[in-house]
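Residue numbers begin at 1 in each chain, while the letters A, B, ... track the order of the sequences.
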Amino acid sequence: MRLLNPIAPTTFLVRNLGKTIPLVSVIILAVMLVQSIIALINSIPFSIRTIYRYTDAMLGVSPRGDTSQTPFLVKDLVENSPVPIDRAMFCRASATQVKSIVGKWPFVTIGLKPDDLQYYLKRQGSTKLEGRLPKVGAPEAVISRPVATNLQLKLGDVLMGPEVDGMYSPMEVKIVGIAETDRWVMVNDIDYQKANHFPPIDLAIICAKNRADQDKLDAWAQERVKGKRAQVFAYREVEKDAQTMFEILYQILNAVIAILTIVITLMVGMLMNIYQSQRLVEFGLLQAIGHTKRTLVKRVLSEACLVIIIGWILGLGAAQGLLRVLKRILMEPRAFALDLNDPLSFAYTVPIPICILVVSFATIMIRFKKFDPVAVVERRIV
Amino acid sequence: MIEAAGLSLVYSDHGREVYACKDVSLRIETSEFLGILGPSGSGKSSLLYLLSGLKDPSHGKVLYNGAPIHDLSDEERSQLRRREFGFVFQQPYLLGYMTALENVLSVAPDKADQLKDRAIDLLDALGLAEKADRLPHTLSGGERQRVCIARALVTDPKVIFADEPTAALDHKNGVNVMEILNRHRGNGALVMVTHDPSMLEHANRIVRIQDGELVVETG
Ligand SMILES: Nc1ncnc2c1ncn2[C@@H]1O[C@H](COP(=O)(O)OP(=O)(O)OP(=O)(O)O)[C@@H](O)[C@H]1O
Ligand SMILES: [Mg+2]
């Protein structure tokens with residue numbers, strides 16, 4: 001065996017793997033659990049943002065009730081806009097659905113004129129089109145890659161139809177093109193929509209010339225139509241909803257994680273305490289042969305730090321592994337969003353090592369405060 | 001070298017005062033082998049703890065090279081014990097997860113490299129050359145006690161305190177251990193407590209203790 005320093009903090013840990021491994025494992029499991037739970041829960045609002053991200057490229061405007069008012073509304077917005085406008089288009093939408101880990105979510109197929117449709121796809125970041133664009137008036141649609149993955153559809157499949165659950169259309173609307181973009185898009189020809197979808201969901205789409213100005217335009221438009229018989233759809237609303245939707249859930253989660261942290265802290269603290277009581281003779285002996293209390297306390301504290309920090313880091317690693325596997329087998333096949341580097345999920349694991357550190361430091365200090373090496377050497381205890 | 005004056009150690013037992021040591025005055029000279037004899041419960045161990053600074057006296061003081069050791073801080077006293085003293089306890093306590101050699105060097109981990117050769121020589125002299133890499137649970141009681149003796153000697157201490165190091169051994173092994181201790185202590189003084197006079201064959205001086213008090217000094 002290689003000669004080891006008996007009072008180096010690593011020595012005890014390395015030579016007593018039977019004790020070190022369970023301790024580290026408990027911490028690893030706790031950290032892994034917490035980070036995975038948070039990352040998975042957070043994937044829901046993250047999915048909402050991802051699915052409706054397309055709305056950040058445009059402002060949707062629709063009059064309430066009287067669709068004949070649409071052109072006037074658009075004219076007003078375009079003429080008074082605080083930022084330069086690139087394009088305003090009229091469209092007719094119909095309700096569809098996409099899948100998420102918490103069930104189906106509403107989506108829309110937007111019917112556009114051919115040149116508007118081309119513009120719209122480009123605006124949504126499409127770099128390439130597999131297949132072709134829909135013909136005028138034909139029951140044909142273009143979807144983007146994530147939608148194809150999510151609904152497991154390919155070219156020639158039916159997107160909407162009389163029998164398609166939640167995506168009704170009187171005719172079978174077939175997919176003729178798949179656009180390569182990470183945004184979620186369903187578009188078809190406006191003439192088909194006008195001829196087949198009632199009651200009409202008419203809206204206008206207004207795009208700022210400068211993408212950076214879009215949010216400014218959205219905010220301004222929201223103020224502009226306030227109190228009028230019109231409504232606007234903007235990405236900022238999606239952001240707000242994604243945030244507030246889970247407020248209560250997060251409060252519950254906070255309580256659960258707090259309890260978990262307390263349980264884990266108690267467990268690890270108890271284990272450490274047991275191990276330390278088993279080592280009283282060792283501490284007494286070392287102190288009797290002349291090691292200072294400070295050296296011993298420093299050593300035990302360093303051991304605790306090492307165990308906790310190693311456990312935490314390995315726990316984060318294990319969580320990454322688990323989340324990667326979940327993402328690969330559960331999320332990606334349906335294009336569900338999961339952020340492996342979600343900062344919140346990392347933040348939630350921080351209290352675990354801190355609580356364990358505080359508790360173990362406290363127990364170590366208390367133990368050594370009233371520690372009498374003579375009592376140990378004389379076998380008056382244990 | 002060590003001078004104790006009026007040392008007392010009082011325990012209170014349900015409000016009643018129990019003297020583990022009572023007004024003990026004593027000198028230990030450089031290189032001297034001092035035997036302390038006494039029956040069980042007479043205060044031998046207590047006296048040893050007082051002399052080595054492991055316990056604080058209720059009255060009196062201990063001078064080491066003229067300086068009172070109980071005025072030192074806890075920290076300084078530990079360092080004094082580590083640098084100047086060697087200990088052999090009644091029980092052969094070793095660190096269970098360290099080899100025999102590592103246990104010997106555990107007194108001075110900071111000087112392990114310098115002391116390694118001496119540690120190996122000592123283990124060799126104690127008949128443990130082959131067993132230097134063994135963990136304590138694979139050693140016999142006598143072997144463990146010899147490792148403890150090597151540990152007490154490895155730093156070449158000025159004073160070795162031994163608290164009945166032979167109590168756990170049979171007579172033959174006990175005598176053997178005493179031989180080794182005496183032979184390898186070099187210039188270090190040896191203060192040894194025992195209730196077995198036959199272990200003090202090599203002692204320069206023997207004092208007797210009874211109910212915490214020194215009774216006779218034999219030359
Ligand atoms: N912590 C304590 N509280 C009360 N009394 C104590 C304590 N420690 C020791 N004593 C008493 O002090 C006296 C001396 O104890 P000590 O351990 O010094 O005896 P000893 O001579 O070493 O005995 P032995 O040969 O059995 O080891 C005993 O009567 C013991 O009961
Ligand atoms: Mg004793």
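Residue B:Y97 comes nearest to A:R279 through the heavy atom pair OH-NH2, 4.2 Å, listed as atom of the first residue, atom of the second, then distance. Here the shortest heavy-atom pairing between B:S78 and A:H291 reads OG-O, 3.9 Å. A:Q287 approaches B:R81 most closely through the heavy-atom pair O-NH2, 2.9 Å.
Atom CE of B:M1 has more than 12 neighbouring heavy atoms from other residues, nucleotides or ligands inside a 6.0 Å radius. Heavy atoms of other residues, nucleotides or ligands lying less than 6.0 angstrom from CG of B:N187 number 12 at most. For B:D211, the CG atom sits in a loose shell: 12 or fewer heavy atoms of surrounding residues, nucleotides or ligands are nearer than 6.0 Å. Residue A:L17 places its CG atom among more than 12 non-hydrogen atoms of other residues, nucleotides or ligands, all under 6.0 Å distant. B:K116 NZ: 12 or fewer foreign heavy atoms inside a 6.0 Å radius. Residue A:R328 places its CZ atom among 12 or fewer non-hydrogen atoms of other residues, nucleotides or ligands, all under 6.0 Å distant. Counting heavy atoms of neighbouring residues, nucleotides and ligands inside a 6.0 Å radius, atom NZ of A:K293 exceeds 12 of them.
The contact between B:L94 and chain A is made entirely by backbone atoms, counting heavy-atom distances below 4.5 Å. Heavy-atom distances place no part of B:D110 under 4.5 Å from chain A, backbone and side chain included. If you measure heavy-atom distances from B:R151 to chain A, the contacts under 4.5 Å come from the side chain alone. Proximity to chain B (any heavy atom under 4.5 Å) is restricted, for A:N16, to the side chain, taken from C-beta onward. Residue B:S45 touches chain A through its side chain alone, counting heavy-atom pairs closer than 4.5 Å.
Here the side chains of B:F89 and A:I289 are in contact, with some heavy-atom distance below 4.5 Å. For the pair A:F12/B:L95, no side-chain contact is recorded, criterion being any heavy-atom separation below 4.5 Å from C-beta on. For the pair B:M98/A:T11, a side-chain contact is recorded, criterion being any heavy-atom separation below 4.5 Å from C-beta on. The side-chain heavy atoms of B:D74 and A:R294, taken from C-beta on, include no pair separated by under 4.5 Å.
Put simply, the side chain of B:R83 never gets that close to the backbone of A:G290: no donor and acceptor are under 3.5 Å apart.
In this structure, CD on B:E75 lies 6.0 Å from OG1 on A:T295, to the nearest 0.5 angstrom. Interatomic distance, A:L285 CG to B:Q91 CD, rounded to the nearest 0.5 Å: 11.5 Å.
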Q: For the pair B:K55 and A:D372, evaluate side-chain contact (heavy atoms from CB on, under 4.5 Å) and give the outcome as yes or no after the intermediate values.
A: CA-CA 9 Å; B:K55 262 199 175 307; A:D372 177 14; 3.8 Å; yes
